[in-house]
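Reviewing the structure listed below.
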Amino acid sequence: MPELPEVETVRAGLERLIGTEARIARIELMRPDLRVRIPPSLGRRLAGQPITGIRRRAKFLLIDTPAGSLLCHFGMTGTWRLAPPGDERPHDHCYLHLADHRRLAFRDPRRFGMLGLVEPHGRHPSLDGLGPEPLDAQQFTLEHLAQRCRRRKAPIKAVIMDQAVVVGVGNIYAQEALFRAGIRPQRPAGAITRARLARLVDEIRLVLAEAIVAGGSTISDFRQAGGDSGYFQHRFRVYGRAGEACVACGARLTGGVVGGRGTTWCRTCQR
DNA sequence: CGAATCACCTGATCGC
DNA sequence: TGCGATCAGGTGATTC
């Protein structure tokens with residue numbers, strides 16, 4: 001589910017669901033062996049704590065309390081949902097019980113996600129080395145992207161998916177942004193003019209912002225925290241459309257592998 | 001050092 | 001219907 005727009009959608013949904021007076025009653029860990037093992041101290045530390053904010057950094061969600069923050073990554077299949085009594089499902093790895101007796105469930109069939117603890121005002125290895133937030137025009141600039149592309153031979157798609165270069169862009173939005181910018185995903189990053197990189201910076205920002213407004217993209221089982229599905233998937237121009245007609249020129253879209261991941265592009269519109 | 005590949009897991013889908 | 005192969009929104013380790 002989870003590139004920046006999906007995580008942001010969940011963040012906003014949880015914020016709305018939980019309100020400003022919420023308190024964590026207790027945390028129930030059923031299966032700690034995710035990609036990163038869930039620290040056993042999590043429950044002790046956060047039990048009884050008031051929730052003071054819900055933030056997003058890159059593709060991470062942070063639930064803040066005075067005793068520390070719950071750090072969550074969704075991997076490929078992670079979800080949070082409101083789970084009323086009786087709604088227990090396979091692959092529910094953690095239940096967060098609120099003081100008002102509601103229960104939030106973290107479910108992640110593939111277990112590529114993570115739950116962790118960040119000390120108050122502390123660091124966390126997963127958050128070190130992250131690049132700028134793309135929606136912050138002060139942070140993510142042409143200057144920055146051009147500098148990170150200089151002399152690099154890797155395909156531009158791999159570069160913009162590199163979380164040290166810019167955060168939040170995954171396999172869907174990389175393809176969508178490159179189509180909108182008219183750049184072939186496999187073009188060596190160092191061989192792109194400044195003018196075209198400037199366009200790419202704009203299109204990355206635009207596509208992410210549009211997707212947030214649309215409530216993210218629903219593929220298989222992504223849902224907003226309130227259970228609604230996003231609808232940005234209806235606006236994909238290339239992702240998942242190999243063999244279909246280009247929305248701009250009508251040519252058949254090409255499918256292949258770029259940066260080790262399935263990729264679709266238009267050989268006519270993208271150069 | 002950078003770039004490519006593999007590994008981690010489960011589930012859905014597709015072709016036979 | 002059943003079964004194996006393939007693919008999937010991410011990231012970190014390993015290899016070349």
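Both backbone and side-chain heavy atoms feed into the values below; hydrogens, waters and symmetry mates do not. Proteins get letters first, then strands, A, B, ... in listed order; numbering begins at 1 in each.
At least one side-chain nitrogen or oxygen of A:His91 sits closer than 4.0 Å to the OP1 or OP2 atom of B:dG11. Contact between the side-chain N/O atoms of A:Tyr239 and the OP1/OP2 oxygens of C:dG9 is found at a separation under 4.0 Å.
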With 3.5 Å as the limit, what N/O pairs link the protein to nucleotides 2-6 of chain B?
{"residue": "B:dA3", "atom": "OP1", "partner": "A:Lys153", "partner atom": "N", "Å": "2.4"}
{"residue": "B:dA3", "atom": "OP1", "partner": "A:Ala154", "partner atom": "N", "Å": "2.9"}
{"residue": "B:dA3", "atom": "OP2", "partner": "A:Arg152", "partner atom": "NE", "Å": "2.9"}
{"residue": "B:dA3", "atom": "OP2", "partner": "A:Arg152", "partner atom": "NH2", "Å": "3.2"}

For DNA chain B, what string of dots and brackets results from 5' to 3' when Watson-Crick and G-U pairs need both distances under 3.5 Å, crossing pairs get [ ], and pairs with another strand get |? .|||||||.|||||||
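Residue A:Ile54 forms a side-chain contact (heavy atoms from CB on, under 4.5 Å) with just one option from A:Leu61, A:Leu62, A:Leu17, and that option is A:Leu61. Each of A:Thr52, A:Leu71, A:Ile51 was checked for a side-chain contact (heavy atoms from CB on, under 4.5 Å) with A:Ile63, and the lone residue meeting it is A:Ile51.
Whole-Å rounding puts the A:Arg107 CZ to B:dT10 C1' distance at 10 Å. What separates CG of A:Leu34 from C1' of B:dT10 is a distance of 13 Å, to the nearest Å. A:Asp108 places its CG atom 18 Å from the P atom of C:dA8, with the value rounded to the nearest Å. Counting to the nearest Å, the C1' atom of B:dA7 and the CG atom of A:Asp33 are 16 Å from each other.
Ring orientation note: the planes of A:Phe236 and A:Tyr173 are nearly perpendicular, at an angle over 60° on the 30°/60° scale.
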Using side-chain contact (heavy atoms from CB on, under 4.5 Å), reason through A:Thr264 and A:Phe179 one step at a time and then give a plain yes or no. CA-CA 9 Å; A:Thr264 302; A:Phe179 174 81; over 6 Å; no
Test salt bridge (charged side-chain N to carboxylate O under 4.0 Å, His left out) on A:Glu119 and A:Arg45 and set out the steps. CA-CA 10 Å; A:Glu119 300 292 330; A:Arg45 182 65 75 87; 3.1 Å; yes
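A donor-acceptor pair under 3.5 Å is formed between the side chain of A:Glu176 and the backbone N or O of A:Val238. Proximity of a side-chain donor or acceptor of A:Arg196 to a complementary backbone N or O of A:Gly182 within less than 3.5 Å is detected.
For the P atom pair drawn from C:dC3 and B:dC9, the interatomic distance equals 25 Å after rounding to whole Å. The separation of C:dG9 from B:dC14, taken at their P atoms, amounts to 16 Å, rounded to a whole angstrom. A distance of about 14 Å separates the P atoms of C:dC7 and B:dT5, rounded to the whole Å.
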For nucleotides 10-16 of chain C, give me one character per nucleotide, 5' to 3': B if any protein heavy atom sits under 4.0 Å from the base, S if the only such contacts are to the sugar-phosphate, - if neither. BBS----
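With a 4.5 Å cut-off on side-chain heavy atoms, A:Ser126 and A:Met114 count as touching.
Remark: A:Arg103 engages A:Glu88 in a salt bridge, criterion side-chain N to carboxylate O under 4.0 Å.
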